[in-house]
There are 4 protein chains.
Amino acid sequence: MVAALSPAPPRRRSPRSHAAVLKAAARLVGRRGYANTAIEEIAAAAGVGKQTIYRWWPNKAALFIEVYGQLVPRDLVAEDTGSIAGDLDSLLRQLSRLYVDTPAGSILSGLIAEAQTDPALALQLSDAYVAPRRIIVRSILERAATRGEIRPQADPDFASDLFSGAVWFRLLLGKRHLDAKFRRRLIDALLSGVARRGGR
Amino acid sequence: MVAALSPAPPRRRSPRSHAAVLKAAARLVGRRGYANTAIEEIAAAAGVGKQTIYRWWPNKAALFIEVYGQLVPRDLVAEDTGSIAGDLDSLLRQLSRLYVDTPAGSILSGLIAEAQTDPALALQLSDAYVAPRRIIVRSILERAATRGEIRPQADPDFASDLFSGAVWFRLLLGKRHLDAKFRRRLIDALLSGVARRGGR
Amino acid sequence: MVAALSPAPPRRRSPRSHAAVLKAAARLVGRRGYANTAIEEIAAAAGVGKQTIYRWWPNKAALFIEVYGQLVPRDLVAEDTGSIAGDLDSLLRQLSRLYVDTPAGSILSGLIAEAQTDPALALQLSDAYVAPRRIIVRSILERAATRGEIRPQADPDFASDLFSGAVWFRLLLGKRHLDAKFRRRLIDALLSGVARRGGR
Amino acid sequence: MVAALSPAPPRRRSPRSHAAVLKAAARLVGRRGYANTAIEEIAAAAGVGKQTIYRWWPNKAALFIEVYGQLVPRDLVAEDTGSIAGDLDSLLRQLSRLYVDTPAGSILSGLIAEAQTDPALALQLSDAYVAPRRIIVRSILERAATRGEIRPQADPDFASDLFSGAVWFRLLLGKRHLDAKFRRRLIDALLSGVARRGGR
DNA sequence: TGGTAATCGAGACGGTACGTCCCGTCTTAAG
DNA sequence: CTTAAGACGGGACGTACCGTCTCGATTACCA
């Protein structure tokens with residue numbers, strides 16, 4: 001029987017070590033920044049052999065993609081507040097909280113940095129970050145179209161990228177908090193542009 | 001006058017070495033990326049002592065800010081094409097050329113990366129990149145207002161950042177070429193939003 | 001009696017694995033030398049778990065003492081050729097064959113090496129190598145005394161060590177083959193010194 | 001002119017570091033044995049970067065060959081005591097002192113060990129150890145021949161190796177001190193064999 | 001004849017040291 | 001005083017094995 005021959009040996013990883021590494025990595029990156037966090041130091045802080053890290057993650061970036069994944073709350077989705085402006089504002093508040101309260105911002109900017117010399121990582125980053133964000137934004141836009149607030153979107157992904165670009169630009173220049181003024185302006189611009197002739 | 005008293009002995013820097021370093025740095029960063037370009041290697045490639053580099057630039061970032069400055073053409077300004085859409089498109093085309101034809105994109109993303117763990121660099125980056133860009137965008141918007149295309153901008157800097165954020169997002173995810181579709185959508189979004197009710 | 005009470009459960013060791021380990025060890029040490037032969041590699045080559053090796057041998061040295069023991073022929077004894085010169089020559093020929101045809105030389109030199117930082121191993125090595133050799137040489141000398149070829153030895157062990165020292169010196173400097181000239185000279189020297197006044 | 005073009009850049013090594021490394025290596029090898037002395041530890045003990053060691057010595061063996069060379073006194077030569085027995089005894093006493101008072105014995109046995117898997121080192125060892133020893137023994141024998149104590153040697157090198165073999169055998173089995181009994185027997189055996197028919 | 005305990009292969013684990021790469025500083029000799 | 005050259009102390013890299021440990025699966029004795 002095929003199943004009986006199944007040779008796939010499921011490598012068994014220690015949950016204790018696995019968790020300790022992720023925790024230590026998150027703690028250290030918050031304290032010293034992505035670039036200044038050494039694998040060696042993470043291993044020591046986690047009470048783990050270096051090889052244990054290299055066994056399960058091919059490099060620092062892969063490790064931190066997992067750490068990042070753990071920090072983003074599962075329920076980071078499009079809350080339905082009844083209006084598109086409210087939905088977007090809710091999303092921005094959640095992101096602000098994520099970047100201010102957790103090392104997610106440090107990790108994300110570090111990963112973006114590293115992706116500059118690692119095309120494979122750039123792709124992973126798309127999968128892990130850009131794609132999920134587009135899904136959320138798309139659902140917000142679809143809901144708004146259903147409500148009749150906006151016309152159906154021709155290209156919701158571009159809208160999402162514009163949104164993400166604005167947030168990244170802030171984040172990468174060191175401002176983690178997305179304050180009320182920024183949120184208002186961004187939502188406003190997305191809805192009706194920065195340069196329309198008439199007033200609001 | 002203060003300047004006249006200035007006792008600063010004009011340190012004699014070798015123009016030959018100075019140029020060789022900048023040239024070697026530009027060549028190497030294009031070939032191997034910012035993070036993988038070692039000072040040591042630049043010195044060797046330029047036929048220059050390491051100390052000579054450290055004498056004139058405090059660190060790698062400072063060196064590459066100067067390299068970046070040399071790559072950006074002096075005449076990268078707001079060309080007056082007669083319409084705001086044309087002006088913005090012209091700017092985007094110039095940026096696309098810059099990132100595709102020169103290592104400016106590699107340098108910029110590398111500097112952004114490094115700024116994540118170096119607040120001083122983040123400030124320098126603002127001065128060297130964000131501020132000039134805001135000036136250009138502001139002049140475009142002012143011209144458009146004069147023409148009556150748009151109402152006077154309440155916050156041209158925010159508009160500039162939104163514009164830059166969109167370009168960075170692309171650049172940092174690995175797409176250096178700003179194609180016609182992207183340019184059209186970005187300009188469109190800036191002018192009238194991604195979610196306006198009526199069609200154009 | 002103590003032995004009768006001995007509760008030691010005769011541990012069941014797999015003869016298949018035992019043999020595979022010894023065989024793999026012998027093969028690898030011949031190919032890569034003692035110091036470069038890792039336990040890990042032996043286990044893999046033998047298709048055996050590392051633990052199985054550590055279960056039955058406390059360390060690498062113990063394993064190779066057993067391998068060495070298997071390589072030395074049971075009948076490596078003092079052949080009676082009718083003369084002391086013949087007996088010694090026969091012994092030297094057997095040793096030469098052992099070191100040239102089998103990895104015994106690599107193992108012996110490796111064990112000597114390891115014994116330098118392991119006094120317990122040095123003792124084991126005496127038991128496993130020096131003692132048996134002394135017995136053989138002693139029997140050769142006694143036979144020669146009986147024949148009247150030499151006077152009874154005051155210190156046959158010293159003679160044996162001198163003999164072994166000469167062979168080790170060669171072996172350790174990389175010459176495994178004990179050629180005719182070497183054998184003749186060594187026997188000659190043992191019988192009548194290197195510096196006697198008269199000729200042979 | 002040829003001399004003017006002479007490009008040979010004589011690399012300059014820091015005498016301070018050089019000496020510190022040799023000293024630390026000698027101290028550590030005496031305390032922990034050759035095999036248990038790590039390059040890393042030597043560097044730390046000498047207050048030196050690891051690279052500095054690797055820059056000047058290709059490997060641990062090369063470093064310890066130099067350390068060994070420093071330990072052997074320059075005046076370790078054939079003292080003329082008036083008789084061959086006296087000369088050899090003097091040499092043995094000097095060797096005993098060397099192996100008992102300094103880590104030379106640990107180093108030598110460690111080097112012999114390492115040479116087992118490094119043919120190049122085996123050659124170096126010949127140059128650094130075997131050859132000088134042969135020169136000394138040869139001069140002792142020549143002097144003895146001149147005195148008429150022995151007949152001119154057909155093969156002084158073999159005599160030297162027999163001598164060295166006996167000393168190594170002892171050294172490698174852990175006995176560093178060459179006591180009076182050993183010395184007497186070895187000299188005796190060299191002069192007239194271990195198995196001569198008549199008494200002395 | 002079925003239960004159970006030791007042994008098996010596999011390989012993850014915490015560690016130590018390896019030899020290499022660069023960092024940013026210091027030293028030298030030539031101009 | 002600057003320069004090219006490159007040695008220096010140092011920190012981290014990613015790899016190789018160490019000897020111990022944990023996991024099912026297999027095996028062979030004993031009830």
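Computation of the quantities below employed the complete heavy-atom set of this structure, encompassing side-chain atoms and omitting hydrogens, waters and symmetry-equivalent molecules. Here is the naming used below: chain letters follow the sequence lines, and residue numbers restart at 1 for every chain.
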| Out of F/dA4, E/dC23, F/dT22, which has the shortest distance to the side chain of B/Val48? |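 Shortest atom-to-atom distance from the side chain points to F/dA4.
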
When you measure from the side chain of C/Tyr54, which nucleotide among F/dC18, F/dA5, E/dT20 comes out closest?
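The answer is F/dC18.
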
Give a yes or no on whether B/Arg16 atom CZ has more than 12 heavy-atom contacts from other residues, nucleotides or ligands under 6.0 Å away.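 Result for CZ/B/Arg16: open.
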
Rounded to whole angstrom units, what separation is found between the [atom1] atom of [X] and the [atom2] atom of [N]?
X	N	atom1	atom2	result
A/His18	E/dC13	NE2	P	10 Å
B/Glu114	E/dC23	CD	C1'	12 Å
C/Leu63	F/dG19	CG	C1'	14 Å
C/Ile53	E/dC8	CD1	C1'	13 Å
C/Ile42	F/dC18	CD1	C1'	13 Å
D/Glu40	E/dG15	CD	P	16 Å

According to a strict under-4.0 Å criterion, is [X] in side-chain N/O contact with OP1 or OP2 of [N]?
X	N	answer
D/Arg55	F/dC8	yes
C/Thr52	E/dT7	no
B/Ser17	F/dA4	yes
A/Trp56	E/dG11	no
D/Trp57	E/dG19	no
C/Ser14	E/dT7	no

| message | Heavy-atom nearest nucleotide on DNA chain F for A/Glu41 versus C/Lys60: which residue maps closer to 5'? | response |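 Nearer the 5' end of the strand: A/Glu41.
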
**Message:** Between D/Gly49 and C/Asn36, which residue's closest nucleotide on DNA chain F lies nearer the 5′ terminus?
**Reply:**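 In this pair, the answer is D/Gly49.
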
Would you mind checking if B/Glu114 and B/Lys60 are paired as a salt bridge, meaning a charged N to carboxylate O distance below 4.0 Å?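 Looking at B/Glu114 together with B/Lys60, the answer is no, because their closest N to O distance does not fall below 4.0 Å.
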
Between D/Lys50 and D/Glu40 (salt bridge meaning N to carboxylate O under 4.0 Å), is one present in this structure?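 Looking at D/Lys50 and D/Glu40, the cut-off is met.
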
Checklist entry - Does any non-hydrogen side-chain atom of D/His18 lie less than 4.5 Å from one of D/Trp56? => result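 No, side chains not in contact.
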
TODO: Look at all strands and tell whether A/Gln51 reaches a base, only sugar-phosphate, or nothing, counting heavy atoms closer than 4.0 Å.
DONE: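 Base contact - A/Gln51 has a heavy atom under 4.0 Å of at least one base atom.
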
Check: F/dG14 base within 3.5 Å donor-acceptor of A/Lys50 side chain =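 Indeed, a donor on one side and an acceptor on the other fall under 3.5 Å apart.
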
